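In what follows, a single structure is set out as structure tokens and then discussed.
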Amino acid sequence: MKSEPSEVSIDDLAARPGQTVPWDGVRNYQARNFMRNQMQLGDLAFFYHSSCAEPGIAGIVEISRLAYPDETQFNPQSKYFDPGATRENPRWFNVEVRFIRKTRLFSIKELRSYPELAGMRILQKGNRLSITPIDPSEWKFIEVQL
DNA sequence: GCCAACGTTGGC
DNA sequence: GCCAACGTTGGC
């Protein structure tokens, strides 16, 4: 799960009350569907810092609340406001994640260096999804090196 | 700041 | 339903 550290970094998450954050503001249908249809309570995810000086995996989080309607879509003040969404018929959903631990920075450069990880969605050319599923074998390969 | 790649929008 | 134009993403 990608987050810009200037918005929410792994340290920001660790400092929050309850060490949780709603993963709101996602406005891509595929990413929404991963959250709404696939994610289960207790599922683990890598917390990835994107659009920054050192992009890469920076920590591990768990899903602490199942997907529910993203509050920001209803707020005209929010940059994520969606005039096409109603409370009766919400368009966007988000899970909540909880801090598990910080890791060393496992950079995108290093991720790219391992043939074992070449199939990772996040490494594919042109990938723009902020949320992508990860193969269990890829998870293990990375986790033991963190 | 650049720019390739992609998703969305909207006129037709 | 097509597709050009536009906006966004995100590594570099």
Side-chain angles (χ1 to χ4, degrees), chain A residues 1-16 19-39 43-63 65-146:
Chain A
M1 299 177 79
K2 294 183 190 173
S3 179
E4 301 188 15
S6 60
E7 299 289 323
V8 181
S9 70
I10 190 73
D11 288 328
D12 294 336
L13 175 60
R16 285 176 63 91
Q19 301 190 311
T20 62
V21 71
W23 208 265
D24 57 18
V26 171
R27 293 296 180 266
N28 172 282
Y29 288 104
Q30 255 188 295
R32 178 203 68 180
N33 292 345
F34 288 140
M35 283 197 286
R36 193 184 57 181
N37 307 340
Q38 311 270 119
M39 290 186 175
D43 280 355
L44 298 177
F46 292 127
F47 190 104
Y48 181 96
H49 283 172
S50 69
S51 293
C52 58
E54 289 188 297
I57 294 168
I60 294 177
V61 298
E62 73 170 340
I63 307 306
R65 184 176 169 188
L66 293 174
Y68 58 97
D70 181 333
E71 201 53 40
T72 63
Q73 72 192 305
F74 307 123
N75 179 3
Q77 257 52 263
S78 170
K79 65 174 172 177
Y80 299 118
F81 178 62
D82 184 344
T86 63
R87 294 209 176 260
E88 295 69 36
N89 204 357
R91 185 175 290 170
W92 305 110
F93 293 79
N94 65 269
V95 295
E96 176 192 84
V97 305
R98 179 186 293 130
F99 177 82
I100 295 290
R101 70 182 181 96
K102 259 183 99 162
T103 63
R104 73 179 178 90
L105 200 283
F106 199 111
S107 71
I108 187 169
K109 189 177 172 190
E110 183 177 357
L111 288 170
R112 289 194 193 285
S113 74
Y114 298 110
E116 292 88 340
L117 302 179
M120 279 183 75
R121 194 93 174 247
I122 202 177
L123 300 180
Q124 302 314 304
K125 183 172 185 168
N127 171 66
R128 289 172 51 191
L129 278 178
S130 60
I131 298 176
T132 52
I134 187 162
D135 191 89
S137 65
E138 292 162 350
W139 177 278
K140 285 175 199 148
F141 184 86
I142 295 168
E143 194 183 28
V144 296
Q145 300 185 62
L146 290 172

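Chain identifiers are assigned alphabetically (A, B, ...) following the order of the sequence lines, protein sequences preceding nucleic acid strands; residue numbering begins at 1 within each chain. All values below come from the heavy atoms of this structure, side chains included, with hydrogens, waters and symmetry mates left out. Since the model is a prediction, treat every value here as computed from it, not as a measurement.
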With the criterion being N/O to N/O and under 3.5 Å, what pairs connect the protein with nucleotides 1-3 of chain B, and how long is each?
none

Query raised in the report: Less than 4.5 Å apart, any side-chain heavy atom of I142(A) and any of I134(A)?
Result: yes

Expected rows: protein N/O vs nucleotides 7-10 of chain B N/O, under 3.5 Å:
none

Query raised in the report: Looking at residues at least two apart in the chain, or sitting in another chain, which of them share a side chain to side chain contact (heavy atoms under 4.5 Å, CB included) with K102(A)?
Result: I10(A), D11(A), F99(A)

Query - Residues which pass side chain to side chain donor-acceptor pair (under 3.5 Å) with D12(A), listed by chain and number, not counting sequence neighbours - result: S9(A)

Requested in this report: Apply ring-ring contact (aromatic ring centres under 6.0 Å, His included) to F74(A) and list each qualifying residue two or more places apart in sequence or on a separate chain.
Outcome: none

Query raised in the report: Whole-Å distance between dC12(C) C1' and E54(A) CD?
Result: 14 Å

Report task. Sequence neighbours left out, what passes side chain to side chain contact (heavy atoms under 4.5 Å, CB included) with L105(A)? Give chain and number order. Result -> E54(A), A58(A), S107(A)

Query - With sequence neighbours excluded, residues passing side chain to side chain contact (heavy atoms under 4.5 Å, CB included) with S137(A) - result: D135(A)

Requested in this report: Figure out the NZ/C1' separation between K125(A) and dA5(B), and round it to whole Å.
Outcome: 8 Å

Query - Which residues share a side chain to side chain contact (heavy atoms under 4.5 Å, CB included) with S50(A), sequence neighbours left out - result: K2(A), E4(A), Y48(A)

Query raised in the report: Within this structure, what is the CD-to-P distance between Q124(A) and dA5(B), rounded to whole angstrom?
Result: 14 Å

**Report entry** Pairs meeting criterion ring pair (Phe, Tyr, Trp, His ring centres under 6.0 Å) with involvement of residues 124-143 of chain A, two or more places apart
**Finding:** F46(A)-W139(A), Y114(A)-F141(A)

